[in-house]
Colleague: 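I have a structure here, written as structure tokens, and I will follow up with some questions on it.
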Amino acid sequence: GAVVSQHPSWVICKSGTSVKIECRSLDFQATTMFWYRQFPKQSLMLMATSNEGSKATYEQGVEKDKFLINHASLTLSTLTVTSAHPEDSSFYICSAGPGTETYEQYFGPGTRLTVT
Amino acid sequence: QKEVEQDPGPLSVPEGAIVSLNCTYSNSAFQYFMWYRQYSRKGPELLMYTYSSGNKEDGRFTAQVDKSSKYISLFIRDSQPSDSATYLCAMRGMNTGNQFYFGTGTSLTVIP
């Protein structure tokens, strides 16, 4: 089956620093990847759509200068949280699909970010 | 009004019980309906998907979609302790772009 990995799985950083999270599709190519944020006991909130070779599309209310997304290849997208603050602490999850079937979104294991 | 409504639970059932999980939605353009299972501190795992109305069965899991009522269900037969997780419904339409609309998830515990 399609596998999506994320790295790191857990990161703690100090306020004001930047953190990069990687999302990789291991056995398929993905022209589009999605980044979500999830707070405890809440559902997934789509942050942005990452498009290979072009700029990401951000959802309303998501600061594009704070959450930098780069989709450099068909198997890798990165999310960089710049100048992190404690309110950025959350569970970040990416997803990707191997083909054109719209239901085929496979999620990574998530990255838990804690900003102290 | 939220696009997708899902009772967060928690739902607690004895092992072997039939579990019914449900979501309602408001956008009649939704065509693809998915159910994901999410274990604690893990990413969601696709369980089942259905296109348009109808039923779909996969082992102990059955997904139902009633577009006329804007209501979808997931049934789990012979529930097992390993089914304990949060179940998220998700849906999208042909004209909703790439965005999936998720329910808040229902937390299920199956007691041995």
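Note that the structure is a prediction, hence the values are computed from the model and not measured. Labels below follow one simple rule: chain letters A, B, ... track the order of the sequence lines, proteins then strands, and each chain is numbered from 1.
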Colleague: If hydrophobic residues (ILVMFWY) are linked whenever their side-chain heavy atoms come closer than 4.5 Å, directly or via other members, who joins B:I18 in its cluster?
Modeller: none
Colleague: By a 4.5 Å heavy-atom criterion (distance strictly below it), what part of A:E59 contacts chain B: side chain, backbone, both, or neither?
Modeller: side chain
Colleague: Should the ring pair B:F33 and B:F30 be called parallel, tilted or perpendicular, given that the plane angle runs from 0 to 90° and is split at 30 and 60?
Modeller: perpendicular
Colleague: Which hydrophobic side chains are connected to A:V115, either touching it within the sub-4.5 Å cutoff or through other members that do?
Modeller: A:V11, A:V19, A:I21, A:W35, A:M45, A:M47, A:Y58, A:V62, A:F67, A:I69, A:L79, A:V81, A:Y92, A:L113
Colleague: Report, by ascending residue number, the residues of residues 103-112 of chain B in heavy-atom contact with chain A at a distance under 4.5 Å; give 'none' if the set is empty.
Modeller: B:G103, B:T104
Colleague: Between A:K20 and A:E22, does at least one N-O distance fall below 4.0 Å, as a salt bridge requires?
Modeller: no
Colleague: Relative to chain A, which segment of B:P8 carries a heavy atom at a distance below 4.5 Å: side chain, backbone, both, or neither?
Modeller: neither
Colleague: Transitive ILVMFWY cluster of A:F39 at side-chain heavy atoms under 4.5 Å: who else is in it?
Modeller: none
Colleague: Does B:R77 come within less than 4.0 Å of B:E57, counting only side-chain N to carboxylate O?
Modeller: yes
Colleague: First locate atom OH of B:Y36, then atom CD of B:E45, and finally report the distance between them rounded to the nearest 0.5 Å.
Modeller: 10.5 Å
